[in-house]
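Just so it is clear, the structure is predicted and the values come from calculations on it, not from any experiment. Both counts, for ligands and for their atoms, begin at 1 and track the order of listing. These numbers come from the heavy atoms of this one structure, side chains and all, not from hydrogens, waters or symmetry mates.
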Amino acid sequence: MKSYLAAAVQMTSLPDLEKNLTQAEEWIDLAVRRGAELVGLPENFSFLGEEAQKVQQAPEIAERTEKFLKTMAQRYQITLLGGGFPVPAEHNHVTNTLLLVGPDGQTLAQYNKVHLFDVDLPDGNTYQESATVLAGREYPPVYDSERFGRLGFSICYDVRFPELYRHLANQSAEVIFVPAAFTAFTGKDHWQVLLQARAIENTAYIIAPAQTGVHYGRRQTHGHAMIVDPWGIVLANAGREPGLAIAEISPRRLATVRQQMPCLQHRVLSTTVPSA
Ligand SMILES: O=C(O)CNC(=O)[C@H](CS)NC(=O)CCC(=O)C(=O)O
């Protein structure tokens with residue numbers, strides 16, 4: 001692992017696959033021009049729309065999205081993370097699936113979102129992700145990248161479940177992705193705090209690509225894609241407009257923080273690695 005630049009993309013995805021992929025490529029292109037070698041796209045980057053429409057279009061979305069990720073990774077010679085996108089599953093459901101693709105176009109890691117967002121918010125919006133999504137049943141993997149360190153994965157609402165991140169830390173994760181489509185309502189109070197908490201308690205980098213703005217109807221997301229360092233410092237924050245959060249991931253910084261704050265060495269109650 002050497003020092004490198006990572007980018008968390010922030011975009012306003014719409015119920016329009018083609019437009020979203022075009023928008024995503026523009027941000028990837030800019031991230032690469034600015035030197036990023038590891039680029040993350042947010043949850044639902046390729047389609048964000050009505051649940052029924054999502055399920056109906058899932059076969060096309062899944063096929064085009066996977067192909068897009070492989071083409072982009074090869075074209076720009078980067079390692080690319082696609083935050084969740086719908087992949088057809090049984091009983092007219094989909095999985096909310098994340099993919100990590102390498103510069104040769106090969107799939108390096110895959111994860112199906114475990115925690116589904118079934119929540120009635122005080123602002124009147126109701127979310128019932130489980131109506132269309134089949135929950136993943138396995139812990140996310142840690143992908144050991146020689147270039148980028150040990151990469152851990154999660155998606156959006158997962159960020160509220162610290163046991164998932166502790167599992168990743170138990171597998172020696174050093175850089176953890178949290179691609180999200182956080183609601184505007186919860187995001188203003190919870191998003192940054194949760195990301196910093198996950199970074200601090202696991203002394204790991206957090207790369208959090210995000211959705212922002214109004215997508216359709218009353219669906220509005222919080223934005224603030226960010227990269228947080230292992231001390232909990234926000235290194236980059238994309239704010240509210242579509243754009244990028246770019247920061248250096250440094251193995252020296254990681255080692256320094258893990259020396260200054262050796263809490264991972266002081267684990268008492270979760271030293272056994274839970275089975276998947
Ligand atoms: O809104 C949409 O249509 C798109 N959103 C999503 O796809 C996902 C699943 S519904 N959103 C979250 O997980 C939000 C979590 C969250 O916001 C929190 O934990 O507070």
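A donor-acceptor contact closer than 3.5 angstrom links the side chains of Asp118 and Ser130. For Asn96 and Glu43, the side-chain atoms include at least one donor-acceptor pair closer than 3.5 Å. No hydrogens or angles considered: nothing links the side chains of Gln211 and Thr12 as a donor-acceptor pair under 3.5 Å. No hydrogens or angles considered: a donor-acceptor pair under 3.5 Å links the side chains of His222 and His224. For the residue pair Asp158 / His115, a side-chain donor-acceptor distance below 3.5 Å is found, with atom types taken as modelled.
In terms of heavy-atom proximity, Arg147 sits nearest to Ser3 at NH2-O, 3.7 Å. Minimum heavy-atom separation, Ala6 to Ala36: C-CB, 4.4 Å.
Atoms of ligand 1 lying under 4.0 Å from any heavy atom of Asn44, numbered from 1 in the order shown and given with element: 4 (C), 5 (N), 6 (C), 7 (O). Distances below 4.0 Å separate heavy atoms of Thr186 from the following atoms of ligand 1: 16 (C), 17 (O), 18 (C), 20 (O). Residue contact check: Tyr216 has heavy atoms under 4.0 Å from atoms 3 (O) of ligand 1. Close contacts of ligand 1 with Cys156, meaning ligand atoms under 4.0 Å from a residue heavy atom, involve 11 (N), 12 (C), 13 (O), 14 (C), 15 (C). Of all atoms in ligand 1, listed by their number and element, those nearer than 4.0 Å to a heavy atom of Glu129 are 9 (C). Ligand 1 places these atoms under 4.0 Å from at least one heavy atom of Leu48: 2 (C), 3 (O), 4 (C).
Ranking the protein heavy atoms by distance from atom 19 (O) of ligand 1 puts Arg160 NE, 2.7 Å first. Protein heavy atom closest to atom 17 (O) of ligand 1, with residue, atom name and distance, is Thr183 N, 3.0 Å. Of all protein heavy atoms, the one closest to atom 8 (C) of ligand 1 is Glu43 OE1, 3.3 Å.
Between Arg219 and ligand 1, at least one N/O pair is under 3.5 Å apart. For ligand 1, none of its N or O atoms has an N or O atom of Tyr127 under 3.5 Å away.
With a 6.0 Å cutoff to the six-membered ring centre and a 45° limit on the axis angle, Lys188 counts as a cation-pi contact of Phe185.
At a 4.0 Å heavy-atom cut-off, ligand 1 does not touch Glu50 at all. The proximity of His215 to ligand 1, defined as any non-hydrogen pair under 4.0 Å, does not occur for either the backbone or the side chain.
Residues Tyr127 and Tyr216 fall into different hydrophobic clusters, defined by Ile, Leu, Val, Met, Phe, Trp and Tyr side chains chained together at heavy-atom separations under 4.5 Å.
Considering Ala181, Ala131, Gly49 only, the shortest heavy-atom separation from atom 5 (N) of ligand 1 involves Ala181.
At least one heavy atom of Lys113 sits under 4.0 Å from some atom of ligand 1.
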Give the intermediate values and the outcome of ring pair (Phe, Tyr, Trp, His ring centres under 6.0 Å) for residues Phe85 and Phe47.
CA-CA 7 Å; Phe85 59 92; Phe47 186 90; over 10 Å; no
